[in-house]
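Proteins come first, then strands; the chains are lettered A, B, ... in the order of their sequence lines, and each starts at number 1. Basis for what follows: all heavy atoms, side chains included, without hydrogens, waters or symmetry-related copies. Just so you know, these numbers come straight off a predicted model, no measurement behind them.
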There are 2 protein chains.
Amino acid sequence: MSRKRPTIRDVAREAGVSYATVSRVLNGRDWVSPEAVRAVQDAIARTGYTTNQHARSLATGRSGSIAFLLTEPQHLLFEDPNFSVLLRGVAQALSDREQTLILMIASTPEERLRTIAFLNGGHVDGVLLVSPHSGDPLLTQLVQAQVPIVACGRVLGLEEMISSVSADDRAGARTATEHLIAAGCRRIATITGPLDTSGGVDRLAGYTDALMAHGLPIDHDLIVHGDWTRQSGAAGIRALLDRAPDVDAVFAASDAMAAATLPVLRDAGRGVPADVRVVGFDDSGLAATTEPPLSTVRQPLERISEEMVRLLVDVINGRTPLSITVPTGLVLRSSSPA
Amino acid sequence: MSRKRPTIRDVAREAGVSYATVSRVLNGRDWVSPEAVRAVQDAIARTGYTTNQHARSLATGRSGSIAFLLTEPQHLLFEDPNFSVLLRGVAQALSDREQTLILMIASTPEERLRTIAFLNGGHVDGVLLVSPHSGDPLLTQLVQAQVPIVACGRVLGLEEMISSVSADDRAGARTATEHLIAAGCRRIATITGPLDTSGGVDRLAGYTDALMAHGLPIDHDLIVHGDWTRQSGAAGIRALLDRAPDVDAVFAASDAMAAATLPVLRDAGRGVPADVRVVGFDDSGLAATTEPPLSTVRQPLERISEEMVRLLVDVINGRTPLSITVPTGLVLRSSSPA
DNA sequence: CTGAAAGCGCTTACAG
DNA sequence: CTGAAAGCGCTTACAG
């Protein structure tokens, strides 16, 4: 297409130095005389030189790119606004480091196969994993292939092998539940996330923590399991109304599930928050736009994506895996005001 | 990290042929004897060989990757569910062609600069453009750099230079408006999209087409401009209720804007669809979950993403730019039933 | 501080 | 049909 792009040799000629020197100022490692540096920089500007990443990668063995890997079935991924925010943050952080972001979606078996081959093939320096489910064979394969990985949320059972950055799910859930207790609720239900994710188990643990700390019983009729989606939230609240008609609050482990309880409660003639208080988790864009707006637990996704990238760079550089937890905060809106 | 991966030479040794032959069977271009092919394939399987894309790119001058470029300010991009569906479809289509998808976000001035440099640097074979606004200098720069591009939606003023795939916005809008006319509405308003996008102007044109075809006047009090977002939808309907209290229908150029009219209409005491019918555009996930669910114009995003990739491959191979339009369809729900 | 040179792993005319 | 060889554009010891 476009005519030949200038190479390092063109720059060298223009600057009157050897092309090894050009490479040196490009990489800024070895010592180069100030005059040479200036001459090269000028030459780069004049020629419009831009480094050929493929040649560099071939020489260094580093690809200069990172994969953002999605393993959930698509509908979950793209329904979840958290995902977008995370992606945005990661793109930003990577761009700042001059790394490119490769998006990979591995939902179908075929895609999963291709993904493994690709990642295994050294095409990327590392991978960022979103919403990993423990027991996913893909994860073990990645670990075996010694691909540097950082997950969003701990990978249950592989914590030692896979670095991760998580919100403080347990503390967040506990705070939310204690808020409901403080508001006088005594029949507090929860709709959990999938229990093969750290978010799922930790948010449930935070809920029971709060109950126990306040001497309230753990009633299994008040615990239903969802998978983060609206559908599961709607199904969950229906089951709850059925099993425990005296429910006076529900803590849903995601905003999507919490939002889905609202129309069901309305149709059942239960006022929110008058009859049933509702608290979600995520503080996604959704939370502020529901009717009534949702109280929820905010997780600092910008911070999470930033830390994920930073950590991944460390892991790529050979540092040992690490788990990072970032704090969450309660956001009160009309669905369960102060 | 991982120990040395097998190269083409390892495969050659294992297969007992020269490595040039291995390369030939890999690329499947030149004639190779069946025995050699089999020997090489076996050797590939045994060694677990996987091609080094960087080496290949360096030799061929093709990067094997495509950029998915987002130029909107982030909030727009990630609020819009269409974007996700498009991204998903593109990822799929690209994966089928063994191309990698590089996600680039160019919203801040700094990011835009880096983006231009990157794209200009031949790091990708082509770029897929989402929601381009005409007059964006980035577009002209890309065209000048002769980067192969396919846009989603025509790029107004650059139609000849930039291939595009669009929904049939005009026909869709016309159909929606005619449906409202057929339902007996006579004071039909519209909330437009941005008029520097083909979606914005074409949907407005479809609206006026329908009005004129049925002898209804074009009343500027009934036309307000939005930018696809909920906020602009809410502001739009408020302005309409103010300027034209007798409005009996609104056609919004996006589901997000249509959805945002609902609570405002409710608060204003207008029943939907009894007093005011509402029709959106996109048939995004949103449309089915609003209260009441939205009638809308469906655009086949899966098809659009597929065509975008196919077209881009053509353009990369030197074919001349082309514009493709795919049909839309009216989807009726409670906000404006049949 | 800076050349000359080898090498990264492939592709592709060039000769057979 | 298949070798041997050059070349893609860089980085990085190796010698000065």
Could you pick out which residue, T51(A) or A20(B), lies toward the 5' side of DNA chain D when each is mapped onto its nearest nucleotide? A20(B)
OP1, OP2 of dT11(C) versus side-chain N and O of S23(B): anything below 4.0 Å? yes
Taking atom P of dC8(C) as reference, at what distance in whole Å does atom CD of Q53(A) sit? 19 Å
Salt bridge between D96(A) and R114(B), side-chain N to carboxylate O under 4.0 Å? yes
Per nearest nucleotide of DNA chain D, the residue lying toward the 5' end, Y49(A) or T21(B), is T21(B)
Residue L58(A), side-chain heavy atoms: nucleotide from dT12(D), dC10(C), dC8(C) that is nearest: dC8(C)
Between dT12(C) and dG16(C) - C1' atom distance, rounded Å: 16 Å
Among dT11(D), dC10(C), dG3(C), which nucleotide has an atom closest to any side-chain atom of V17(A)? dG3(C)
Check whether any side-chain nitrogen or oxygen of T7(B) sits under 4.0 Å from OP1 or OP2 of dG9(C), and answer yes or no. no
Separation of dC8(D) atom P from R56(A) atom CZ, nearest Å, is 19 Å
Side chains of S63(A) and D125(A), donor plus acceptor under 3.5 Å: yes
Whole-Å P distance, dG7(C) and dG3(C): 22 Å
Rounding to a whole Å, what distance do you find between R9(B):CZ and dT11(C):P? 12 Å
From CD1 of I8(B) across to C1' of dG3(D) the rounded distance in Å is 13 Å
Whole angstrom is fine here: how far is it from NE2 in H123(B) over to C1' in dG9(D)? 12 Å
Listed nucleotide nearest any side-chain atom of R24(A), set dT11(C), dG9(D), dT2(C): dT2(C)
Between H54(A) (NE2) and dT11(C) (P), how many Å, whole number? 14 Å
Please state how far atom OH in Y19(A) lies from atom P in dA4(C), giving the value in whole angstrom units. 9 Å
For dA4(D), the Watson-Crick or wobble partner whose two distances fall under 3.5 Å: none
Under a 4.0 Å N-O cut-off, is there an ion pair linking E111(A) with R88(B)? yes
Given atom CG of N52(B) and atom C1' of dC8(D), what is their separation to the nearest angstrom? 13 Å
Partner of V165(A) by side chain to side chain contact (heavy atoms under 4.5 Å, CB included), out of L322(A), V309(A), T325(A), L311(A): L311(A)
Taking side chain as C-beta onward, heavy atoms only, is H123(B) less than 4.5 Å from T50(A)? yes
For atom P, what is the distance between dC10(D) and dC14(D), given to the nearest Å? 24 Å
